[in-house]
Colleague: 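First the structure, which I've put down as structure tokens, then a few questions once you've had a look.
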Amino acid sequence: MKKLLAMTAVAALTMMSANVSAQDAEAIYNKACTVCHSMGVAGAPKSHNTADWEPRLAKGMDNLLKSVKTGLNAMPPGGMCTDCTDEDYKAAIGFMSKAK
């Protein structure tokens, strides 16, 4: 019985840690980025418009990440994603900056 409880606890912890891992880039975009980036609101680079993203990507991912986390122009700190990690932000940037 103790073995079964220990195995159940390990399985539960494994599942919980998987839920904490990075979110799907498109899901992040849909929940937090699409409102502004789909239409380029207030100068936001439009999603999947490589020309809009090219000068931003040229600054490097670390600088883009810093802009997201501190806010830039009309974008508030963290954008609209209250539960994003740095990896989530990077994934969302990657998703938005690629042509469809």
Side-chain angles (χ1 to χ4, degrees):
M1 185 67 163
K2 287 182 184 179
K3 256 187 183 177
L4 179 61
L5 287 174
M7 288 176 16
T8 302
V10 168
L13 288 172
T14 302
M15 288 174 53
M16 286 172 39
S17 66
N19 289 337
V20 175
S21 66
Q23 302 174 58
D24 176 68
E26 188 170 6
I28 295 166
Y29 170 76
N30 288 330
K31 80 174 182 178
C33 310
T34 189
V35 171
C36 296
H37 288 279
S38 64
M39 297 182 293
V41 172
K46 291 180 186 172
S47 307
H48 313 297
N49 182 323
T50 56
D52 280 1
W53 283 96
E54 189 176 317
R56 290 161 175 92
L57 291 171
K59 295 177 183 178
M61 185 58 77
D62 289 341
N63 287 322
L64 280 171
L65 183 59
K66 182 179 176 185
S67 293
V68 171
K69 291 172 73 171
T70 61
L72 182 65
N73 300 326
M75 184 177 69
M80 298 301 289
C81 191
T82 59
D83 63 343
C84 283
T85 64
D86 288 359
E87 294 307 312
D88 293 333
Y89 289 130
K90 290 176 185 178
I93 291 166
F95 176 78
M96 289 187 286
S97 64
K98 289 184 177 42
K100 258 195 165 182

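Owing to the predicted nature of the structure, the values given are computational and were not obtained by experimental measurement.
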Colleague: Is the backbone of Ala27 close enough, under 3.5 Å, to the side chain of Asn30 for a donor and an acceptor to pair up by distance?
Modeller: no

Colleague: Please report the closest heavy-atom contact between Lys90 and Leu65, naming both atoms and the distance.
Modeller: CE-CD2, 3.7 Å

Colleague: For a quick test of reading the model, state the closest non-hydrogen atom pair linking Ala25 to Ala91 and the distance between them.
Modeller: CB-O, 3.4 Å

Colleague: Mark yes or no for whether Tyr29, through its side chain, and His37, through its backbone, hold a donor-acceptor pair below 3.5 Å.
Modeller: no

Colleague: Atom OG in Ser67, atom OH in Tyr89: separation rounded to 0.5 Å?
Modeller: 12.5 Å

Colleague: Leu64 vs Lys59, test: side-chain contact (heavy atoms from CB on, under 4.5 Å). Steps then yes/no.
Modeller: CA-CA 7 Å; Leu64 280 171; Lys59 295 177 183 178; 5.5 Å; no

Colleague: Would you say Val68 and Met75 make side-chain contact, with heavy atoms under 4.5 Å?
Modeller: yes

Colleague: Decide if atom NZ of Lys46 counts as having more than 12 heavy atoms of other residues, nucleotides or ligands within a radius under 6.0 Å.
Modeller: no

Colleague: Could you tell me whether the side chain of Phe95 reaches within less than 4.5 Å of the side chain of Ser47, counting heavy atoms only?
Modeller: no

Colleague: More than 12 heavy atoms of other residues, nucleotides or ligands under 6.0 Å from CE of Met61: is that the case?
Modeller: yes

Colleague: Counting C-beta onward and ignoring hydrogens, is there a side-chain heavy-atom pair between Leu72 and Arg56 closer than 4.5 Å?
Modeller: no

Colleague: Can you tell if the side chain of Ile28 reaches within under 4.5 Å of the side chain of Cys84, non-hydrogen atoms only?
Modeller: yes

Colleague: Heavy atoms only: give me the nearest Ser97-Leu57 pair and the separation to one decimal.
Modeller: CB-CD1, 3.8 Å

Colleague: Please report the closest heavy-atom contact between Lys98 and His48, naming both atoms and the distance.
Modeller: O-ND1, 2.8 Å

